[in-house]
Amino acid sequence: MTCQTIAALLATGRPDTPATIQGWVRTRRELKEFTFVEVNDGTCLANLQVVINPSLANYRQLVDGLGTGTAVEIQGQLVASPAKGQRVELQATQVTLYGTADPETYPLQKKRHSFEFLRTLGHLRPRTNSFGAMFRVRNACAAAVHRFFQERGFLWVHTPILTASDCEGAGEMFTVTSLDLDHLPYTPAGRVDYQQDFFGRPAYLTVSGQLEAEIMALALSRVYTFGPTFRAEKSNTSRHLAEFWMIEPEMAFCDLHGDMDLAEAFLKFVFQAVLDHCPEDMAFFNQRIDPTVLATAEQIIQTPFERITYTDAIRHLQNANHPFEYPVEWGLDLQSEHERYLAEVLFQRPVIVTDYPVGIKAFYMRLNDDEQTVAAMDVLVPRVGEIIGGSQREERLNVLERRIQGQGLALDNYWWYLDLRRYGSVPHAGFGLGFERLVQFLTGMGNIRDVIPFPRTPDSIDF
RNA sequence: UCCUCGGUAGCUCAGUGGUAGAGCGGUCGGCUGUUAACCGAUUGGUCGUAGGUUCGAAUCCUACCCGGGGAGCCA
């Protein structure tokens with residue numbers, strides 16, 4: 001393989017050495033004496049400028065074929081560029097045209113396109129500057145997530161995608177079946193007979209790996225999940241996907257404070273890693289997408305997060321000289337506007353709110369001694385609101401049974417979850433965050449559909 | 001699901017009852033090193049769909065379809 005990446009050539013390529021690149025033409029500028037072609041291979045944001053001289057065989061034919069979108073291999077000599085704008089450029093000696101792209105019909109033009117339009121071109125939008133930058137940042141972010149946990153002794157555990165647990169309480173579930181939907185079997189009572197289905201009972205796509213992660217943590221001490229998650233809610237918003245990736249660390253012998261420390265360290269680590277690995281891409285987002293992206297990243301990395309209780313947060317909000325659309329009252333959940341006020345206006349930094357009322361949080365969160373609140377924590381950040389939600393889990397069998405029943409749920413469905421409290425129970429804690437929302441927060445991208453290669457949303461599953 | 005805004009050329013949009021427009025893109029020509037190159041010319045339309053009002057509808061009315069933004073729910 002004599003071919004080099006454009007990223008490597010632009011960064012460290014030495015002038016007056018031979019080089020071969022493979023990629024796609026972004027733009028062609030034809031002058032009287034020769035032609036400039038900019039080629040991108042996805043390894044970095046910048047294109048490599050190639051000079052095509054008329055001395056090349058079939059010059060006219062070559063240049064005509066080098067329209068935007070064409071796949072090419074170009075051999076030549078890397079030379080110092082005599083003009084501003086690039087350190088080096090490639091003086092072509094041989095050009096191989098692979099697939100050409102008819103400029104009359106190729107949808108990507110040499111101009112800015114709206115993200116809305118590019119969403120209709122899911123197969124071509126990775127070839128744009130914005131999506132190239134976004135996918136590189138997404139990759140760096142994913143790699144940083146693994147590195148963060150691996151360096152701290154967490155095991156990556158693979159929790160199931162198919163589940164029979166319809167009681168995770170985290171949202172609407174997709175049903176998975178091998179039954180012929182046009183000829184469903186029925187019980188004598190007239191209901192669908194799931195005994196004849198693949199698993200002999202109803203099955204679903206997972207909405208969370210947390211409960212299974214707790215199983216693993218109570219044997220392996222520190223684990224995390226990082227995998228696909230599915231929600232069938234008909235939420236048509238810039239923050240929701242039907243298929244998304246979720247990260248859920250879980251730690252045995254850990255309380256809420258350890259959980260908060262981990263969450264804060266996690267965000268700082270990931271932001272620093274992405275800045276280190278994708279400086280050009282992040283600069284691009286700061287320049288073209290959201291001018292606060294870099295400042296936000298610096299703040300996340302350098303500023304200690306504020307930590308307050310829900311009760312104090314309510315007090316702050318009630319004393320705030322700020323009109324809220326929704327009421328602020330102890331016992332009600334914080335709305336987006338409240339979360340953003342805390343992070344953006346009051347503290348102007350990330351805020352971890354803890355100890356929420358028992359009535360608005362899930363049954364598995366540990367009941368505090370006041371019996372009014374649970375050991376929950378939400379990390380609120382400017383511009384986004386809640387980015388991480390977590391809790392210390394209820395490890396006491398009798399309390400957990402009471403909580404499950406108190407929410408009208410059947411204990412039988414949780415027999416194995418209760419067993420964890422019956423045998424070798426221990427205080428443990430964890431949190432969850434949506435990977436795409438993290439990428440949104442990093443890049444400033446407004447719509448979650450533009451931070452995942454192939455978004456799945458209600459009535460939309462193209463590509 | 002609710003609220004709201006929108007759908008006009010390949011793209012981004014203007015046009016609010018009287019001949020369908022601009023910029024960009026594409027094409028052709030020009031240009032001695034360009035950087036979203038530049039200059040000139042040119043090409044380009046079932047005005048989302050179906051009805052209705054009117055002498056006349058992109059424009060007004062009704063229904064539907066699709067999309068954006070916001071809310072709720074959540075990650």
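Note: hydrogens, waters and symmetry copies are ignored here, and every other heavy atom, side chains too, is used. Per chain, numbering begins at 1; letters A, B, ... match sequence-line order. This is a predicted model, so every value here is computed, not measured.
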Student: Name the residue from A/Gln392, A/Met365, A/Met260 that meets the side-chain contact (heavy atoms from CB on, under 4.5 Å) definition with A/Met377.
Tutor: A/Met260

Student: When only distance counts, do a donor and an acceptor, one from the side chain of A/Gln109 and one from the base of B/G10, lie under 3.5 Å apart?
Tutor: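 Counting by modelled atom types and ignoring angles, a donor-acceptor contact under 3.5 Å is found here.
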
Student: Rounded to whole Å, please give me the gap between CD in A/Glu33 and C1' in B/G33.
Tutor: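 Taking atom C1' of B/G33 as the reference, CD of A/Glu33 is at 11 Å.
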
Student: For A/Glu214 and A/Tyr417, does a side-chain donor sit closer than 3.5 Å to a side-chain acceptor?
Tutor: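 Their side chains do contain a donor-acceptor pair, which is all the 3.5 Å distance test asks for.
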
Student: Taking CD1 from A/Ile448 and C1' from B/G69, how many angstroms apart are they, rounded to a whole number?
Tutor: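 That distance rounds to 16 Å.
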
Student: Write down the distance separating the C1' atoms in B/U54 and B/G48, rounded off to the nearest Å.
Tutor: 23 Å

Student: Honestly, is A/Arg136 close enough over A/Phe284, meaning NZ or CZ under 6.0 Å from the six-membered ring centre and within 45° of the axis?
Tutor: no

Student: Could you tell me which residues satisfy salt bridge (charged side-chain N to carboxylate O under 4.0 Å, His left out) with A/Asp261, sequence neighbours excluded, listed by chain and number?
Tutor: A/Arg307

Student: Taking B/U59 as the reference, what is the distance to B/U16 when you measure between their C1' atoms (whole Å, please)?
Tutor: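 To the nearest whole Å, 5 Å.
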
Student: What is the distance, to the nearest angstrom, from the CD atom on A/Glu339 to the P atom on B/C74?
Tutor: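 To the nearest whole Å, that distance equals 11 Å.
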
Student: Whole angstrom is fine here: how far is it from CG in A/Leu66 over to P in B/U34?
Tutor: 20 Å

Student: For side chain to side chain donor-acceptor pair (under 3.5 Å), just list the numbers for A/Thr70 and A/Tyr106, CA-CA rounded to whole Å, side-chain angles, deciding distance to a tenth of an Å, and then say yes or no.
Tutor: CA-CA 10 Å; A/Thr70 297; A/Tyr106 185 61; over 6 Å; no

Student: Looking just at side-chain N and O atoms, do A/Thr309 and A/Asp355 make a donor-acceptor pair shorter than 3.5 Å?
Tutor: no

Student: Toward the 5' end of RNA chain B, which comes first, A/His113 or A/Arg28, by nearest nucleotide?
Tutor: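 Going by which nucleotide is closer to the 5' end, it is A/His113.
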
Student: Counting only side-chain nitrogens and oxygens, does A/Thr27 get under 4.0 Å of the OP1 or OP2 atom of B/A36?
Tutor: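 No, because none of the side-chain N or O atoms of A/Thr27 sits under 4.0 Å from OP1 or OP2 of B/A36.
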
Student: Counting only side-chain nitrogens and oxygens, does A/Arg29 get under 4.0 Å of the OP1 or OP2 atom of B/A36?
Tutor: no

Student: Taking pairing as Watson-Crick or G-U wobble with both contacts under 3.5 Å, can you name the mate of B/U19, or confirm there isn't one?
Tutor: none

Student: Expressed in angstrom and rounded to an integer, what is the separation of A/Asp378 atom CG from B/C74 atom P?
Tutor: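 Between P of B/C74 and CG of A/Asp378: 11 Å.
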
Student: Can you check whether any acceptor in the base of B/G33 is under 3.5 Å from a donor in the side chain of A/Glu89, or vice versa?
Tutor: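 It does, because a donor-acceptor pair links the side chain of A/Glu89 to the base of B/G33 below 3.5 Å.
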
Student: Given the structure, check if the side chain of A/Glu30 and the base of B/U34 hold any donor-acceptor pair shorter than 3.5 Å.
Tutor: no

Student: Watson-Crick or G-U wobble partner for B/U4, using a 3.5 Å limit on both distances?
Tutor: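 Here B/U4 is engaged in a pair, and the nucleotide opposite it is B/G68.
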
Student: Under 3.5 Å, is there an N or O donor on one side and an acceptor on the other linking the side chain of A/Ser235 and the base of B/C74?
Tutor: no

Student: Return the 5'-most residue of the pair A/Arg288, A/Gly446 with respect to RNA chain B, ranking by each residue's nearest nucleotide.
Tutor: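 Going by which nucleotide is closer to the 5' end, it is A/Arg288.
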
Student: Quick one: does any side-chain atom of A/Asn53 pair with a main-chain N or O of A/Ser55 as donor and acceptor, under 3.5 Å?
Tutor: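 The answer is no, because no donor-acceptor pair under 3.5 Å joins these two groups.
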
Student: Describe the nucleic acid contact of A/Leu241 in one word from base, sugar-phosphate, nothing, applying a heavy-atom distance below 4.0 Å.
Tutor: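 Since a base atom lies under 4.0 Å of A/Leu241, the category is base.
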
Student: For the C1' atoms, the ones on B/U19 and on B/G72, what distance do you get once it is rounded to whole angstrom?
Tutor: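 About 49 Å, rounded to a whole number of Å.
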
Student: Tell me whether the OP1 or OP2 atom of B/G68 has a side-chain N or O from A/Arg449 closer than 4.0 Å.
Tutor: yes

Student: Between A/Arg239 and B/G70, does any side-chain N or O lie under 4.0 Å from OP1 or OP2?
Tutor: no

Student: Does a side-chain N or O of A/Asn447 approach OP1 or OP2 of B/G69 to a distance below 4.0 Å, or not?
Tutor: yes

Student: Does the side chain of A/Gln335 get closer than 4.0 angstrom to OP1 or OP2 of B/G72 through an N or O atom?
Tutor: yes

Student: With respect to the side chain of A/Pro82, which nucleotide from B/C11, B/A71, B/G33 is positioned closest?
Tutor: B/G33

Student: Find the partner of B/C60: check Watson-Crick (N1-N3 plus N6-O4 or O6-N4) and G-U wobble (N1-O2, O6-N3) distances, both under 3.5 Å, and reply none if neither fits.
Tutor: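 Its partner is B/G52 (Watson-Crick or G-U wobble, both distances under 3.5 Å).
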
Student: For nucleotides B/C55 and B/A9, find the distance between their P atoms and express it as a whole number of Å.
Tutor: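 B/C55 and B/A9 have their P atoms separated by 30 Å.
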
Student: With C1' as the reference atom in both, quote the distance from B/A57 to B/A20 in angstrom, rounded to an integer.
Tutor: 13 Å

Student: Measure from CZ on A/Phe284 to P on B/A36 and round the result to the nearest Å.
Tutor: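 In whole Å, B/A36 P and A/Phe284 CZ are 12 Å from each other.
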
Student: How far does the C1' atom of B/C38 sit from the matching atom of B/G33, given to the nearest Å?
Tutor: 13 Å

Student: OP1, OP2 of B/G69 versus side-chain N and O of A/Ser238: anything below 4.0 Å?
Tutor: no

